Enquirer: 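Here it is, the structure, as C-alpha cells.
Since the structure is predicted, the reported quantities are computational estimates derived from the model, not experimental observations.
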Amino acid sequence: MASGAKAVMAREALQGLIDGLRADGYRTLGPVVRDGAIVYDALAHVSQLPAGWTDRQAPGHYELRPRGDEAWFGFNVGPHSWKRYLHSPLERLWRAERHGDGFKVVAQDARAPRQALIGVRACELHAIALQDRVFFGGRYADETYRARRAGTFIIAVNCTQAGNTCFCHSLGTGPKATAGFDLSLTELLGADRATFLVEVGSDAGARLLESISSRAPTEPQLAAAQEVIDHTTAQMRRTLDPERTRQALRAHPEHPRWDQIAERCLSCGNCTMVCPTCFCTSVEDHSSLDGESAERVRVWDSCFTLDFSHLHGGSVRQSIRARYRQWMSHKLSYWFDQFGSCGCVGCGRCISWCPAGIDITEEAAALSTTPRPKKKEVPHEGS
C-alpha cells in the first residue's frame, strides 16, 4: 500500500496492530482511565482502552462521563500530552562517579527504546512537529529527543467529537490528521458498522497494516468518515485568529487587559505543564550523601515560576502580569519569529486545567481590541 491509501478493518483488528508492534520490539502506549481522567500509559490490550467513556470539559473543569455506547476513542485530550514520552519531564544529562582521587564523567546514553503512540490526535501531531522544530530543527540538536523520535511509531485517531474547550479548526491543526502519522484511524460506530477507516501515512504503516485483515472501503464508509470530521468541526465554538492575535500582542504590550488577567491568574504553571508545545526546562545538580557520585538532570520548568527568569540581582519578571504576558506573547506572537509558526495548536488543555478558568481564546480576543485612552483629569475651578 502506498502512502494515502485507505482501508477498512474491524475494531478487533486493532489488537492485531498492537500485537504486531510489540512483536517488533515497540513499547505500546495509549489512552487509559486512571485517577478520574483519561491519561497516556502502557497499553498492551484493547480492553484497557476507555471504552464507553467520554469527558466534559469547560474552563477550569474536567470530568469523566459514560457515553452510552462502546466507542474506544470517544473522548478529547486530557491532562497528559505525548510530550512526556518525547521530551521527558526528567532527563539525566550526565553522571559523575568517584574513582580514587578523581571523578569519571559518564555521559548519558542517547539511545532510546522504540515506542508506539496509539490514539494521537491531529492537534497533538502538530504539537509534535513543533517540538521537532525546537529540538532538532536548528543548528543545535537534542540527540536524546532525536533518538526518541526516530524510534517512534504513531497511530493517529481522528476526533469524533469536539471538546468544549477545543479550537484546533481555527488554527488549521485539526480535527483530521493530515500528516505526521504512520497510520490514521477514524472510528465508525453503528449497528451496521463498528469499524475503523484506516489511512496509510508511511511505508512502516503500510507494512503493519498488511499484517492484519483489512479490505477496501466502500463509498458509504468513506462518506461516513467525512461526516465524522464535518460533525466534529461544526461542534467547535471557540476560535483564535493567529495573525490578528500576533499583531495585537506586539501592538499592545501595556493593554489594561493584562492587569485583569493578573488579578485571576494564580501563577501555578498548570497551563505550561499540560501544554503539548511548551518546552522550558531548568537544570539541577544532585550528589549522593557519601560523595561517591553526582549527576546533572534537566527537569520541566515554567515561565510562571518566579525563579525561572532569575538573574543576578533577582527575577526579571517579578509580577504575575509580566509572567502571563511573557507566556502568551511568546506562544502566540514571538514563536513566529523563532520557529515560523504559532506556538498553539488549539487543544484547549490550558483552558480546562486552569484553576481560575482563564480562557486563552477569550483573552486573545480582548487583547486584539484597541485599548481606550485614559481620560485626562479636568482640574476643578479654583484648584
Side-chain angles (χ1 to χ4, degrees), residues 1-11 13-31 40 43-44 46 72-73 77 81-83 85-87 111-137 141-159 168 172-188 195-217 221-222 225-226 228-229 276-277 341 345:
M1 290 185 177
S3 181
K6 295 181 174 63
V8 170
M9 69 180 196
R11 275 212 324 172
L14 179 57
Q15 185 61 50
L17 297 182
I18 294 174
D19 292 342
L21 288 165
R22 290 168 63 83
D24 205 20
Y26 285 94
R27 178 193 181 200
T28 49
L29 303 160
Y40 300 140
L43 179 73
V46 294
W72 285 349
F73 297 98
V77 294
S81 73
W82 294 106
K83 175 176 70 174
Y85 293 107
L86 298 170
H87 172 41
R111 293 177 298 177
R114 296 205 290 178
Q115 55 187 0
L117 314 183
I118 300 168
V120 183
R121 306 305 175 110
C123 60
E124 298 178 305
L125 290 172
H126 282 268
I128 291 171
L130 286 176
Q131 295 250 298
D132 289 350
R133 216 171 301 159
V134 170
F135 288 112
F136 61 82
D142 184 316
E143 294 303 332
T144 302
Y145 180 92
R146 191 204 296 270
R148 288 200 185 102
R149 281 293 284 123
T152 298
F153 188 101
I154 293 178
I155 297 181
V157 171
N158 291 321
C159 291
C168 64
T173 56
K176 185 182 187 303
T178 56
F181 56 83
D182 295 288
L183 291 174
S184 176
L185 310 178
T186 304
E187 190 170 19
L188 304 177
T195 59
F196 285 111
L197 178 71
V198 190
E199 182 177 348
V200 175
S202 71
D203 291 340
R207 289 192 295 271
L208 180 63
L209 185 59
E210 289 170 357
S211 69
I212 64 160
S213 175
S214 65
R215 61 186 184 279
Q221 287 170 330
L222 291 172
Q226 185 58 49
V228 166
I229 302 301
T277 66
S341 69
V345 295

Enquirer: Taking side chain to side chain donor-acceptor pair (under 3.5 Å) as the definition, give me every residue that meets it alongside Ser184, ordered by chain and number, with sequence neighbours left out.
Expert: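 For Ser184 there are no side chain to side chain donor-acceptor pair (under 3.5 Å) partners, ignoring immediate neighbours.
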Enquirer: How close do Phe73 and Gly119 get, heavy atom to heavy atom, and via which atoms?
Expert: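 Heavy atoms only, the tightest pair is CE2-CA, 4.0 Å.
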Enquirer: List for me each residue that meets side-chain contact (heavy atoms from CB on, under 4.5 Å) alongside Ala116, sequence neighbours excluded, and say none if there are none.
Expert: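 In terms of side-chain contact (heavy atoms from CB on, under 4.5 Å), with neighbours along the sequence ignored, Ala116 is linked to Leu21, Tyr26, Thr28, Phe153.
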Enquirer: Applying salt bridge (charged side-chain N to carboxylate O under 4.0 Å, His left out), can you list everything that pairs with Asp19, at least two apart in sequence or on another chain?
Expert: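 Not a single residue meets the salt bridge (charged side-chain N to carboxylate O under 4.0 Å, His left out) criterion with Asp19.
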Enquirer: So which heavy atom on Leu197 is nearest to which on Ala225, and how close?
Expert: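 Nearest heavy atoms, Leu197 then Ala225: CD2-CB, 3.3 Å.
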Enquirer: Are Ser341 and His126 close enough, and set up right, to give a side chain to side chain contact (heavy atoms under 4.5 Å, CB included), and what steps lead you there?
Expert: CA-CA 11 Å; Ser341 69; His126 282 268; over 6 Å; no
Enquirer: Under the side chain to side chain donor-acceptor pair (under 3.5 Å) rule, collect the residues that match up with Glu199, sequence neighbours excluded.
Expert: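 With neighbours one apart ignored, the set is Lys176.
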Enquirer: Nearest 0.5 Å please: distance from the CZ atom of Arg11 over to the CG atom of Leu188.
Expert: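 One gets 11.0 Å once the value is rounded to the nearest 0.5 Å.
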Enquirer: Is there a side-chain contact between Met9 and Ile212, using heavy atoms and a 4.5 Å cut-off?
Expert: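 The answer is yes, as the side chains (C-beta and beyond) meet within the 4.5 Å cut-off.
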Enquirer: Side chain to side chain donor-acceptor pair (under 3.5 Å) with Ser81: which residues, sequence neighbours excluded?
Expert: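 Counting only residues at least two positions away or on another chain, Ser81 forms no side chain to side chain donor-acceptor pair (under 3.5 Å).
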Enquirer: Under the salt bridge (charged side-chain N to carboxylate O under 4.0 Å, His left out) test, which residues partner Arg22, sequence neighbours left out?
Expert: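 Residues passing salt bridge (charged side-chain N to carboxylate O under 4.0 Å, His left out) with Arg22: none at all.
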Enquirer: Can you tell me which residue pairs pass the salt bridge (charged side-chain N to carboxylate O under 4.0 Å, His left out) test with a partner in residues 141-152, sequence neighbours excluded?
Expert: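 Listed once each, the pairs are Glu91-Arg148, Asp132-Arg149, Asp142-Arg298, Glu143-Arg146.
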Enquirer: Go through the steps for Leu183 and Val200 under the test side chain to side chain contact (heavy atoms under 4.5 Å, CB included), then give the verdict.
Expert: CA-CA 5 Å; Leu183 291 174; Val200 175; 4.2 Å; yes
Enquirer: Is there side-chain contact between Cys168 and Val345, with heavy atoms separated by less than 4.5 Å?
Expert: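 The answer is no, as the side chains (C-beta and beyond) never meet within the 4.5 Å cut-off.
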Enquirer: Using every non-hydrogen atom in the two residues, find where Pro31 and Leu43 come nearest and quote the distance to one decimal.
Expert: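 Shortest heavy-atom contact: O-CD1, 4.3 Å.
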Enquirer: Show the nearest heavy-atom pair for residues Ala44 and Gln15, with the distance to one decimal.
Expert: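 In this case the closest contact between Ala44 and Gln15 is O-NE2, 3.2 Å.
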Enquirer: So, do Lys6 and Gln221 sit near enough that their side-chain heavy atoms are less than 4.5 Å apart?
Expert: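 No, every pair of side-chain atoms sits at 4.5 Å or beyond.
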Enquirer: I'd like to check the side chain to side chain donor-acceptor pair (under 3.5 Å) partners of Thr178; sequence neighbours left out, ordered by chain and number.
Expert: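 Thr178 satisfies side chain to side chain donor-acceptor pair (under 3.5 Å) with no other residue.
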Enquirer: Roughly how far, to the nearest 0.5 Å, is the CG atom of Leu125 from the CH2 atom of Trp82?
Expert: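 It comes to 10.5 Å.
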Enquirer: To the nearest 0.5 Å, what is the distance between CZ (Arg27) and CG (Leu117)?
Expert: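 Those atoms lie 10.0 Å apart.
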Enquirer: Suppose the criterion is side-chain hydrogen bond (donor to acceptor under 3.5 Å, both in side chains): which pairs have a residue in residues 201-213, not counting sequence neighbours?
Expert: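 Qualifying pairs: Asp182-Ser202.
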Enquirer: In chain order, what residues pass the side-chain contact (heavy atoms from CB on, under 4.5 Å) check against Val134, with sequence neighbours excluded?
Expert: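 Listed in chain order: Phe279, Trp335, Phe339.
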Enquirer: With sequence neighbours excluded, what pairs up with Phe181 under the ring pair (Phe, Tyr, Trp, His ring centres under 6.0 Å) test?
Expert: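 For Phe181 there are no ring pair (Phe, Tyr, Trp, His ring centres under 6.0 Å) partners, ignoring immediate neighbours.
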Enquirer: Counting distance only, does the side-chain N/O of Asn158 pair as donor-acceptor with the main-chain N or O of Glu187 below 3.5 Å?
Expert: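 Such a contact is absent between Asn158 side chain and Glu187 backbone.
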Enquirer: Working to the nearest 0.5 angstrom, can you tell me the gap between Leu208 CG and Leu17 CG?
Expert: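 Rounded to the nearest 0.5 Å, the CG-CG separation comes out at 5.0 Å.
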Enquirer: Using a 4.5 Å cut-off on heavy atoms from C-beta on, say whether the side chain of Phe196 contacts that of Leu185.
Expert: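 Yes; the side chains approach each other to less than 4.5 Å.
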Enquirer: Under 3.5 Å, is there a donor-acceptor pair between the side chain of Gln131 and the main chain of His87?
Expert: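 Here the side-chain-to-backbone pair does not exist.
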Enquirer: When rounded to the nearest 0.5 angstrom, what distance separates CD1 in Ile128 from OG1 in Thr152?
Expert: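 These two atoms lie 8.0 Å from each other.
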Enquirer: When rounded to the nearest 0.5 angstrom, what distance separates CH2 in Trp72 from CG in Leu14?
Expert: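 Interatomic distance, Trp72 CH2 to Leu14 CG, rounded to 0.5 Å: 5.5 Å.
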Enquirer: Can a donor-acceptor pair be found, under 3.5 Å and without considering hydrogens, that links the side chain of Tyr85 to the backbone of Tyr40?
Expert: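 A pair under 3.5 Å: yes.
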